[in-house]
Trainee: 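Let me begin by handing over the structure; questions about it come next.
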Amino acid sequence: MAHRTVLADQAPAPTGPAAGSAPGKPHMGTSFSEFNTGEFAVSPQTDLGVLLGQVATACKVISAAVARGPLSDAMGNTGTDNIQGENQQKLDLIANELMIRWTEWGGQVAAMASEEMADIYRIPTQYRQGRYLLVFDPLDGSSNLDVNVSVGSIFSVLERPHSEGEVEDADFLQPGVMQVAAGYALYGPATMLVVTTGHGVNGFTLDEETGEFILTHPHLTIHPDTREFAINASNARMWEAPVIRYIDECLAGVNGPRGEAFNMRWVASMVAEIHRILIRGGVFLYPKDNRDPTRPGKLRLMYEANPMSFIVEQAGGAASTGREPIMQVQPQALHQRVAVIMGSRNEVERLVQYHLEAPAP
Ligand SMILES: O=P(O)(O)OC[C@H]1O[C@](O)(COP(=O)(O)O)[C@@H](O)[C@@H]1O
C-alpha cells in the first residue's frame, strides 16, 4: 500500500537528548532500581535514573492510595474543576500531591506541570534545582475510580532549555521528540510500570511483598497489524470523514472492504487501552470531532499524547493526529488538546492515508 511512505521516515530512531548510548540487555526478574542503575551507568544522565526511581516510588504510593480508596474517605469528587473544566476527584489531587512530594526534593527537577494544576509548579528554593522538567497526569481515567476499573499515572521528562533564571511555562513547550523519558503506571489487577528512555520499552510488575517493581515484560513491541480498535463510539455522529470511513470498514467485517472481522474495546482509561495495545496490538483513537471547532481533540498533548506516543513509537508502533506525527506537534500551551490515533503501525498509516485522501473539511 503506497502510503507506507507516509510514516516510514518517522521510524522510532531515538531523537533529541534521548539518543545517548544504548544500555546493556535487561533480563526477566531484574528490579527497576537495578535496571535503572544499569540503564544510566554509562550515560551522563544518572540523575535521570534517580528521577525515574523517585517517580516509580511515587507511583507505588499512589497505587496504595488508589487501592485503599474505598476503605478511606478518598473516594468521590472534590466539587472543584481543573483548568479543563473537569470535575476533580479527591484521588486526582491526592495523586498530584504524592507525585510532587516524592520527586521535588531530590535535586533532579526544576519545575513540574500537571493536568491537575493550572500553572507550573516551581521547585521550592530549599531544594536543589535540577536539569529536568516533569510533566504528568497524576491519575488518568479517574472517572473510572468509583466503578473500580483500571486507572493510571502518565509522566514525561524534558530537559530544561536553560540552567539560569526561573523556569517559565514556555520552557515546557517542547515537541514530544524532545522527551528524554516517558512512562506510565497502571493500577489494575496488578500494578505495573512501563518506561522508555529512547532505547525500547520495558514493563515492570510491582511485587507487593518486596515493594519492588520487577522486570516482567522486557522489550515490549507492538504488532504492526491488528484487528482490534478502541474508540468511544458514542461520539460517532461528530467524527470526521476519514475516521467514519475507517470505523465503518472495520464494522463491515468479512463482507466489507477489509475482508476481516474487527473487535472493539473501550475502557475509558487511556493507560489501560495503551497497555493492552502494547501487549496484544490494536489501534486507539480519540480523534478530532466537530463538537467544538476550537477543540482539536479531548486528550492533552503534554501529559497524555506525547508520553504515550514516545512509548508507542519506541515499541515499533505509530502515533499521529491523523494529519501529522503527534511528537512533531509544536506545543502552544501547557494544557492544549490534540487528536490522537496510535498503536499498530499499519492501521495508523491507513488512517493517515484516509485523512490525506479525504476532501478538506
Ligand atoms: O469519557 P470518554 O469520552 O470515553 O473519554 C475517556 C478518555 O478520557 C480520559 O479518561 C481522560 O483522562 P483523565 O481521566 O485524565 O481526564 C482518558 O483516560 C480516556 O481515554
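Counting starts at 1 for both ligands and their atoms, following the listed order. Position 1 is the first residue of the sequence, and the numbers go up from there.
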Trainee: Any non-hydrogen atom of E273 lying under 4.0 Å from ligand 1?
Mentor: no
Trainee: Taking N144 for its side chain and A268 for its backbone only, find out whether a donor-acceptor pair lies under 3.5 Å.
Mentor: yes
Trainee: Identify, for atom 20 (O) of ligand 1, the protein heavy atom at the shortest distance, and state residue, atom and that distance.
Mentor: M270 N, 3.3 Å
Trainee: What atoms of ligand 1 come within less than 4.0 Å of a heavy atom belonging to D137?
Mentor: 15 (O)
Trainee: If hydrogens are left out, which of N232, D92, L285 has an atom nearest to atom 2 (P) of ligand 1, that is, the closest non-hydrogen atom?
Mentor: N232
Trainee: For ligand 1, is there an N or O atom under 3.5 Å from any N or O atom of W266?
Mentor: yes
Trainee: Please state which protein non-hydrogen atom is closest to atom 3 (O) of ligand 1 and give its distance, to 0.1 Å?
Mentor: Y286 OH, 2.5 Å
Trainee: Assess whether a salt bridge exists between R323 and E240, defined as any Lys/Arg side-chain N lying under 4.0 Å from an Asp/Glu carboxylate O.
Mentor: yes
Trainee: If we set the cut-off at 4.0 Å for heavy atoms, which region of S142 has an atom near ligand 1: side chain, backbone, both, or neither?
Mentor: both
Trainee: Heavy-atom pairs closer than 4.0 Å: do any link ligand 1 to the side chain of Q88, the backbone, both, or neither?
Mentor: neither
Trainee: Do T216 and T205 have a side chain donor and acceptor closer than 3.5 Å?
Mentor: yes
Trainee: Tell me which part of D140 gets within contact of ligand 1: side chain, backbone, both or neither, using heavy atoms under 4.0 Å.
Mentor: both
Trainee: So which bit of Q84 gets within less than 4.0 Å of ligand 1, heavy atoms only: side chain, backbone, both or neither?
Mentor: neither
Trainee: Look at atom 8 (O) of ligand 1 and say which protein heavy atom is nearest, naming residue and atom and giving the distance to 0.1 Å.
Mentor: K298 NZ, 3.1 Å
Trainee: So for ligand 1, is V271 a polar contact partner (N or O within less than 3.5 Å, distance only)?
Mentor: no
Trainee: Can a side-chain donor-acceptor contact be found between E104 and Y121 if the only test is distance below 3.5 angstrom?
Mentor: yes
Trainee: Out of M308, E304, R300, indicate the one that has the non-hydrogen atom closest to atom 16 (O) of ligand 1.
Mentor: R300
Trainee: Are more than 12 heavy atoms, taken from residues, nucleotides or ligands other than R101, located less than 6.0 Å from that residue's CZ atom?
Mentor: yes
Trainee: Could you measure the distance from the CG atom of L134 to the OH atom of Y303? Nearest 0.5 Å is fine.
Mentor: 13.0 Å
Trainee: For ligand 1, which is the ligand I care about here, please tell me if F284 has any N or O atom under 3.5 Å from one of the ligand's N or O atoms.
Mentor: no
Trainee: Indicate whether any N or O donor in one side chain lies under 3.5 Å from an N or O acceptor in the other, for N87 and N77.
Mentor: yes
Trainee: Minimum distance, heavy atoms only, to atom 14 (O) of ligand 1: which one of A233, P138, G141 is it?
Mentor: G141
Trainee: Given the rule that I, L, V, M, F, W and Y join up when any side-chain heavy atoms are under 4.5 Å apart, are I120 and L93 in one cluster?
Mentor: no
Trainee: Atom CE in M112, atom CD1 in I100: separation rounded to 0.5 Å?
Mentor: 6.0 Å
Trainee: Tell me, yes or no, whether the heavy-atom count around W102 atom CH2, taken from other residues, nucleotides or ligands under 6.0 Å, exceeds 12.
Mentor: no
Trainee: Should N235 be counted as touching ligand 1, given the test is an N or O pair under 3.5 Å?
Mentor: no
